[in-house]
Amino acid sequence: MMNITYDEKNKIFHLCNEKISYVIGVLPNGHLGHFYFGKKLYGNLTEEMFIRRQYKSLTNYIGGYENLSLNTELCEYPTFGTTDLREPALMTKSENGSIITNFEFVDYDINKGKSNSDSLPHTFANNDQALTLDITLMDKTLSVKLVHTYTVFKNTNVVVRKTKMLNNGSPISITKIMSMSMDLSSNYSDWVQLSGDWARERHMVKRILDHGITKIESKAGSSGAIHNPGVVLTTPNTDESTGEAIGVNLVYSGNFEISAERDQNDVLRVMAGINQFMFDWTLMKGESFETPEVVLAYSKEGLNDLSHTYHTFFRHHLIHPKWINERKPILINNWEATYFDFDEYKIIEIAQKAKEVGIDLFVLDDGWFGNRNNDKEALGDWAVNKEKIPNGIDGLCKRINEIGLDFGIWIEPEMVSENSNLYRKHPDYIIGEPGRPSSKGRHQLMLDFSRPIVVDEIFNQLIQTFDGVNIRYIKWDMNRTITEPFSIGLSKTSQGEFYHRYILGVYDLYRRLSNRYPNILFESCSAGGNRFDAGMLFFAPQTWTSDNTDAVERLKIQYGTSLFYPLYSMGSHISDIPNHQTYRNTTYKFRNDVAMFGTYGFELDLNRLSDEEIKSTIEYVEQFKLKQQLIHNGRFYRIESPFTGNTTAWSVVNEDQTECLVGFYQVLARPNQGIQRLQLKGLDDSRLYEVKSSLYNGTVSGSYLMNHGIIFTPSSNGYSINRQTVGDFQSYLIHVNAK
Ligand code: DGJ
């Protein structure tokens with residue numbers, strides 16, 4: 001069970017559940033110390049079990065405590081101004097210009113359940129599922145309080161943290177306020193981050209955490225594809241199945257930073273939160289500021305186990321339960337089928353074919369509104385283009401519904417084109433500094449969502465077009481990053497609030513649309529996966545993983561994304577060949593077998609497929625429907641990494657280990673290949689399983705499948721094409737069912 005205790009004598013907070021412990025000490029000077037985060041600890045805990053203080057030359061100490069220097073302590077949320085010269089988690093500036101703070105422990109509170117922010121996305125839990133600790137500290141000189149909040153949940157290796165500052169004194173500006181920080185004395189030597197760019201998002205990158213600061217961040221206004229707002233700290237021998245790992249994942253979609261400082265004593269200070277770059281938030285007397293949440297997870301059983309913890313946690317405590325309990329629709333999107341070149345007739349043709357193959361929902365992508373015939377115009381004008389869709393959105397939706405499909409639609413609400421009615425009427429609605437040109441991205445300008453009036457304008461336009469229409473899905477796109485960060489809605493002393501206020505505006509519109517249309521499933525998108533984060537998942541249970549739909553590239557993108565995010569949340573579609581991003585020709589089966597491990601859908605004109613391909617499509621859709629429950633709710637395992645070899649493998653296993661589906665992919669054909677064994681994961685050693693696949697058919701034990709594994713030797717043999725048994729882009733679905 002969950003428990004939170006405060007041992008007054010030893011001044012130790014102990015948060016725990018069935019699996020983990022998180023231990024915080026109140027140091028002799030009233031600051032907080034980070035003592036432990038890991039597997040559950042039993043018994044009494046005392047300070048000397050975690051800290052051995054000794055006098056060190058060249059170290060400043062706090063008056064009255066000769067051996068106490070914050071520079072050598074294991075701190076929980078370091079501030080600046082006493083003896084700690086490492087990276088602080090909080091920086092402020094007082095009216096007199098001082099940056100010194102000194103927050104000392106005042107009291108604490110323990111409550112059932114979890115408290116949530118009104119403006120930020122957040123995890124949730126009811127009173128039986130979680131316990132929350134608030135620790136209050138105070139800087140008496142400033143009359144400012146800090147409240148650190150920790151939530152521990154039933155039976156999961158997760159602690160959620162956030163921090164709030166409350167000002168009861170003179171105005172103060174916050175120039176840095178992290179969601180979490182902790183000093184780790186243990187053996188964490190590396191971290192895994194998810195980095196890349198457009199069309200190659202979330203590739204797994206391992207970095208050694210050496211002396212000095214290792215950092216990832218975004219200054220783009222959104223979390224971004226360059227670095228995802230999450231890292232996993234690992235010990236030297238951690239791999240997918242063994243070793244310790246701590247995950248740090250921010251529930252935030254704006255500018256972020258995550259850093260790890262290896263200090264002079266080899267301690268690792270890890271912190272995460274809103275990027276301090278340009279951040280400057282003024283708190284007047286009586287005001288408060290709350291950070292985004294951060295989800296910390298722990299595993300002693302390697303990366304797969306850590307990922308599983310995140311997947312399950314996000315599905316139960318972040319994504320709205322409505323979507324978890326419903327079967328997600330298999331959708332077809334017309335973007336790569338038509339781009340801007342469509343009319344109602346073409347759309348209906350695609351939808352009719354989609355119905356024939358068993359698809360559930362049709363998505364009308366970019367180009368349906370205003371005068372939008374290319375990417376240079378009409379963003380900001382959210383009324384339907386009657387030349388393309390004469391019967392309006394309602395008419396088209398009804399027609400699609402008659403065909404037997406649900407209807408979904410694309411929007412890009414944060415943007416405006418220069419050639420648009422909105423821009424002509426309100427050139428003042430864009431982000432930028434008057435007198436300086438604002439640069440464009442994909443020919444478009446960005447609306448200043450830090451201003452409520454701008455968010456209102458878009459909300460009103462959208463509801464005018466969507467009210468009363470049976471829309472079941474919205475794809476919310478965002479195709480550029482912020483440059484020239486300046487808002488005319490903010491004073492010269494408040495420009496440092498711009499980036500955070502921008503993302504609060506985005507969240508506000510998401511909240512208002514979701515409240516108005518509770519039956520609409522949102523898919524977030526940002527030129528593909530440029531804003532794939534837990535903040536977005538709170539509002540939009542799925543994200544378009546990447547604009548890159550090439551199945552070979554998707555192996556890496558989906559594999560990397562799975563470090564934190566469940567298959568359930570990854571938009572994955574079968575697209576045409578040659579692929580529109582890489583011009584590669586992969587087999588239809590290969591494309592299907594990759595897309596299956598995600599939300600699953602189509603991004604092509606089915607009318608251009610051959611009869612044989614249509615036959616396969618019907619089978620594929622049927623197969624996915626049969627496996628959808630397993631794929632979206634099962635436990636995902638990464639087995640072979642696309643980052644290290646020519647083959648990739650992953651699998652999903654159901655909770656009672658009776659059903660498993662493996663995806664196995666060989667990218668390039670190899671001549672006269674040696675023997676490879678595919679060792680499965682997560683099965684029951686002693687059970688017998690029936691294996692069905694083109695690699696192997698038969699009944700074998702779980703222990704055989706996991707320890708010996710299925711033999712794999714398909715190779716391209718000999719010099720003659722007639723002897724070639726397999727070509728490039730081979731994929732195998734292996735169905736494993738308990739007897
Ligand atoms: C970028 C998205 O990622 C694509 O799927 C598509 O919706 C285009 N934008 C439309 O402009």
Side-chain angles (χ1 to χ4, degrees), residues 1-28 30-53 68 70 72-78 84 86 89 105 108 110 130-135 137 148-153 155-163 178-189 191 209 231-236 238 243-249 260-263 265-272 294-301 305-306 309:
M1 254 330 252
M2 310 148 301
N3 199 12
I4 299 179
T5 54
Y6 182 55
D7 174 346
E8 302 241 358
K9 186 166 150 264
N10 289 302
K11 298 194 165 163
I12 285 188
F13 289 100
H14 185 182
L15 298 86
C16 66
N17 62 17
E18 301 81 342
K19 296 177 163 185
I20 47 155
S21 283
Y22 193 106
V23 184
I24 304 159
V26 180
L27 304 177
H31 285 217
L32 298 182
H34 178 79
F35 288 176
Y36 181 79
F37 178 38
K39 220 173 149 92
K40 181 168 182 157
L41 299 178
Y42 292 89
N44 280 346
L45 306 175
T46 61
E47 192 185 75
E48 54 281 10
M49 290 165 72
F50 302 101
I51 286 191
R52 297 288 152 80
R53 289 197 186 97
L68 179 70
L70 292 178
T72 52
E73 287 288 318
L74 299 172
C75 298
E76 176 68 4
Y77 194 87
D84 194 344
R86 295 168 292 171
F105 175 65
Y108 69 94
I110 298 169
L131 272 183
T132 295
L133 165 69
D134 291 314
I135 307 180
L137 299 101
H148 299 310
T149 301
Y150 301 81
T151 303
V152 61
F153 300 78
N155 206 22
T156 175
N157 296 9
V158 166
V159 172
V160 169
R161 285 182 62 177
K162 62 182 176 181
T163 283
M178 293 290 101
S179 298
M180 61 76 61
S181 177
M182 56 187 175
D183 289 356
L184 302 170
S185 58
S186 46
N187 206 9
Y188 288 97
S189 55
W191 82 18
L209 301 173
V231 296
V232 176
L233 306 160
T234 55
T235 52
T238 300
E244 285 190 274
I246 289 180
V248 177
N249 189 282
E261 178 178 16
R262 171 85 60 206
D263 76 5
N265 295 317
D266 291 333
V267 165
L268 196 66
R269 170 167 292 179
V270 183
M271 57 180 70
V294 60
V295 180
L296 304 176
Y298 171 79
S299 175
K300 210 172 179 167
E301 286 148 48
D305 185 60
L306 192 85
T309 300

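- Less than 6.0 angstrom separates the ring centroid of Y6 from the ring centroid of F105.
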Check against side chain to side chain contact (heavy atoms under 4.5 Å, CB included), D263 and R269: CA-CA 8 Å; D263 76 5; R269 170 167 292 179; over 6 Å; no
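- A donor and an acceptor atom, one from each side chain of T5 and H14, are nowhere located under 3.5 Å apart.
- Between F50 and H34 the shortest side-chain heavy-atom distance does not fall below 4.5 Å.
- A heavy-atom distance below 4.5 Å is found between the side chains of Y150 and I135.
- In this structure, V248 and A272 approach most closely via the heavy-atom pair CG1-CB, 3.7 Å.
- Side-chain N or O atoms of D183 include one that pairs as donor or acceptor with a backbone N or O of C75 at under 3.5 Å.
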Derivation of the side chain to side chain donor-acceptor pair (under 3.5 Å) call for R161 and Y22: CA-CA 11 Å; R161 285 182 62 177; Y22 193 106; 2.8 Å; yes
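- Here the side chain of T309 pairs a donor or acceptor atom with the backbone of D305 at under 3.5 angstrom.
- With respect to the salt-bridge test (charged N to carboxylate O, under 4.0 angstrom), the residues E73 and R53 qualify.
- Ion pairing of D7 with K9 is absent here, as no side-chain N (NZ or NE/NH1/NH2) approaches a carboxylate O to less than 4.0 Å.
- Residues I51 and F35 are in side-chain contact: their nearest non-hydrogen atoms beyond the backbone lie under 4.5 Å apart.
- Between K300 atom NZ and N157 atom CG the span is 12.0 Å, to the nearest 0.5 Å.
- For N17 (side chain) and F153 (main-chain N/O), a donor-acceptor pair under 3.5 Å exists by modelled atom type.
- For the 3.5 Å distance criterion, the side chains of T149 and D134 qualify, holding a donor opposite an acceptor.
- Scanning all heavy atoms of the two residues, the minimum distance from L268 to A260 falls at CD1-CB, 4.0 Å.
- Counting non-hydrogen atoms of other residues, nucleotides and ligands closer than 6.0 Å to CG of N44 gives a total of 12 or fewer.
- Side chain of T238 to backbone of E244: a donor-acceptor contact under 3.5 angstrom is found.
- For the pair E18 (side chain) and N155 (backbone), a donor-acceptor distance under 3.5 Å is present.
- A distance-only check finds no donor-acceptor pair linking the side chain of N10 to the backbone of I12 [under 3.5 Å].
- Taking all atoms of both residues into account, the shortest heavy-atom contact from T163 to S179 is OG1-O, 4.1 Å.
- Under a 3.5 Å cut-off, the side chain of Y36 and the backbone N or O of K39 do form a donor-acceptor pair.
- Considering CG of L68 and NE2 of H31, their distance stands at 9.0 Å, rounded to 0.5 Å.
- How far CG of L32 is from OG of S181: 11.0 Å, rounded to the nearest 0.5 Å.
- Within 6.0 Å of NZ in K40 there are more than 12 heavy atoms belonging to other residues, nucleotides or ligands.
- Closest of all the heavy-atom pairs between Y108 and E8 is OH-OE2, 4.2 Å.
- Between atom CG of residue L27 and atom CD of residue E76 there is a gap of 10.0 Å, rounded to the nearest 0.5 Å.
- For the pair L15 and L131, the minimum side-chain heavy-atom distance is 4.5 Å or more.
- Proximity of a side-chain donor or acceptor of S299 to a complementary backbone N or O of E301 within less than 3.5 Å is detected.
- V232 places none of its side-chain heavy atoms less than 4.5 Å from the side chain of I246.
- Residues V159 and Y298 fail the side-chain proximity criterion, which asks for heavy atoms closer than 4.5 Å.
- Taking CG from L41 and CD1 from I20, the interatomic distance works out to 10.5 Å, rounded to the nearest 0.5 Å.
- Atom CZ of R262 is separated from atom CZ of R86 by 12.0 Å, given to the nearest 0.5 angstrom.
- I110 has its side chain out of reach of T132: every pair of non-hydrogen atoms, C-beta onward, lies at least 4.5 Å apart.
- Between L296 and V160 the shortest side-chain heavy-atom distance does not fall below 4.5 Å.
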